[in-house]
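Working notes for the structure below.
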Amino acid sequence: SSTRLPTEICLRSSGAATMAEKTLEDKFKEAAESVKTLQFSKTVPTDRKLKLYAFFKQANEGDNTGARPGMFSWEARSKFDAWEGVKGKDKESCMREYIEELEAQIREFKD
C-alpha cells in the first residue's frame, strides 16, 4: 500500500494554496456584475453608493492618482473624495468590504 500525503500538503505543492484568494476575487467579480442589474425597492443613500464605488475603484485600480475635480462637478468630486477615503487600503480588503457593503445594502434596501 502506498503512503498518501495529507490533502493540505498536496494542495500547497500543486499551487492551489491561492484558491482562497481566487474565491474572494470570484465573489467580488460576481457581486460587481450583480450590481448592474440589481433592483432595490428603497432608495440607497448616495453615501452608501459611494462606498461601493470607492471599494470597487480601489480594488481594481489601487490608489487614486488623478486631480480632484472642481466644485461645479459635484458627482465627479464626490466619487473622487470617496475613492480618496480608502487610499492605501489593500485589494483584498476592498474586495471583502465591497461584498459586505453590497450584502448590507441588499438586506436594508431590497425589500
Side-chain angles (χ1 to χ4, degrees):
S1 79
S2 65
T3 305
R4 296 187 60 154
L5 292 172
T7 306
E8 68 181 56
I9 293 172
C10 293
L11 289 175
R12 209 175 300 130
S13 63
S14 70
T18 58
M19 196 133 163
E21 293 170 43
K22 289 180 186 173
T23 301
L24 176 61
E25 193 155 347
D26 288 343
K27 287 179 183 178
F28 172 71
K29 287 177 181 175
E30 190 177 288
E33 197 57 39
S34 75
V35 160
K36 296 175 184 176
T37 57
L38 199 56
Q39 297 290 315
F40 290 104
S41 57
K42 300 174 196 151
T43 303
V44 179
T46 301
D47 66 316
R48 300 289 296 277
K49 290 179 185 177
L50 287 171
K51 269 185 163 180
L52 281 182
Y53 174 84
F55 291 138
F56 180 84
K57 293 294 274 186
Q58 187 71 11
N60 283 305
E61 299 179 32
D63 289 345
N64 186 351
T65 58
R68 188 172 190 223
M71 62 190 219
F72 295 110
S73 302
W74 182 85
E75 185 178 348
R77 191 177 179 113
S78 295
K79 287 179 173 182
F80 178 93
D81 291 344
W83 188 4
E84 278 291 300
V86 294
K87 192 173 198 163
K89 205 173 258 252
D90 66 278
K91 180 177 182 169
E92 288 75 21
S93 295
C94 289
M95 288 192 293
R96 198 173 303 105
E97 291 183 53
Y98 180 94
I99 293 165
E100 290 169 1
E101 176 59 27
L102 179 59
E103 288 171 347
Q105 287 185 20
I106 290 169
R107 280 192 307 274
E108 293 174 47
F109 306 108
K110 184 95 169 97
D111 291 313

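These numbers come from a predicted model, not from an experiment. The figures here come from the full heavy-atom set of this structure, side chains too, leaving out hydrogens, waters and symmetry mates. For reference, positions follow the sequence shown, starting with 1.
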Please report, to 0.1 Å, the donor-acceptor pairs under 3.5 Å made by any side chain of residues 47-56, with sequence neighbours excluded.
| unit_1 | atom_1 | unit_2 | atom_2 | d |
| --- | --- | --- | --- | --- |
| Arg48 | NE | Glu101 | OE2 | 2.5 |
| Arg48 | NH1 | Glu108 | OE1 | 3.0 |
| Arg48 | NH2 | Glu101 | OE2 | 3.1 |
| Arg48 | NH2 | Glu108 | OE2 | 3.2 |

Nearest 0.5 angstrom please: [X] [atom1] to [Y] [atom2], how far?
| X | Y | atom1 | atom2 | result |
| --- | --- | --- | --- | --- |
| Asp63 | Lys89 | CG | NZ | 12.0 Å |
| Gln58 | Glu61 | CD | CD | 9.5 Å |
| Ile106 | Phe40 | CD1 | CZ | 5.5 Å |
| Leu102 | Lys27 | CG | NZ | 13.5 Å |

Positive for salt bridge (Lys or Arg N to Asp or Glu O under 4.0 Å) with Asp81, one of Arg68, Lys57, Lys87: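 Of the listed residues Arg68, Lys57, Lys87, the salt bridge (Lys or Arg N to Asp or Glu O under 4.0 Å) partner of Asp81 is Arg68.
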Partner set under side-chain contact (heavy atoms from CB on, under 4.5 Å) for Lys29, not counting sequence neighbours: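 Testing Lys29 for side-chain contact (heavy atoms from CB on, under 4.5 Å), a comparison that skips the adjacent residues, returns Glu25.
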ring-ring contact (aromatic ring centres under 6.0 Å, His included) pairs, two or more places apart, involving residues 82-111: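 Pairs touching residues 82-111 that pass the test: Phe28-Tyr98.
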Mind listing the side-chain donor-acceptor pairs of residues 69-79 below 3.5 Å, one per line with the distance, residues two or more places apart or on another chain?
| unit_1 | atom_1 | unit_2 | atom_2 | d |
| --- | --- | --- | --- | --- |
| Arg77 | NH1 | Pro69 | O | 3.0 |
| Ser78 | OG | Trp74 | O | 2.9 |

Qualifying side-chain hydrogen bond (donor to acceptor under 3.5 Å, both in side chains) pairs with a residue from residues 34-45, counting only residues at least two apart or across chains: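 Sorted result for residues 34-45: Glu33-Lys36.
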Set of residues satisfying side-chain hydrogen bond (donor to acceptor under 3.5 Å, both in side chains) with respect to Asp90, sequence neighbours excluded: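 Ser93.
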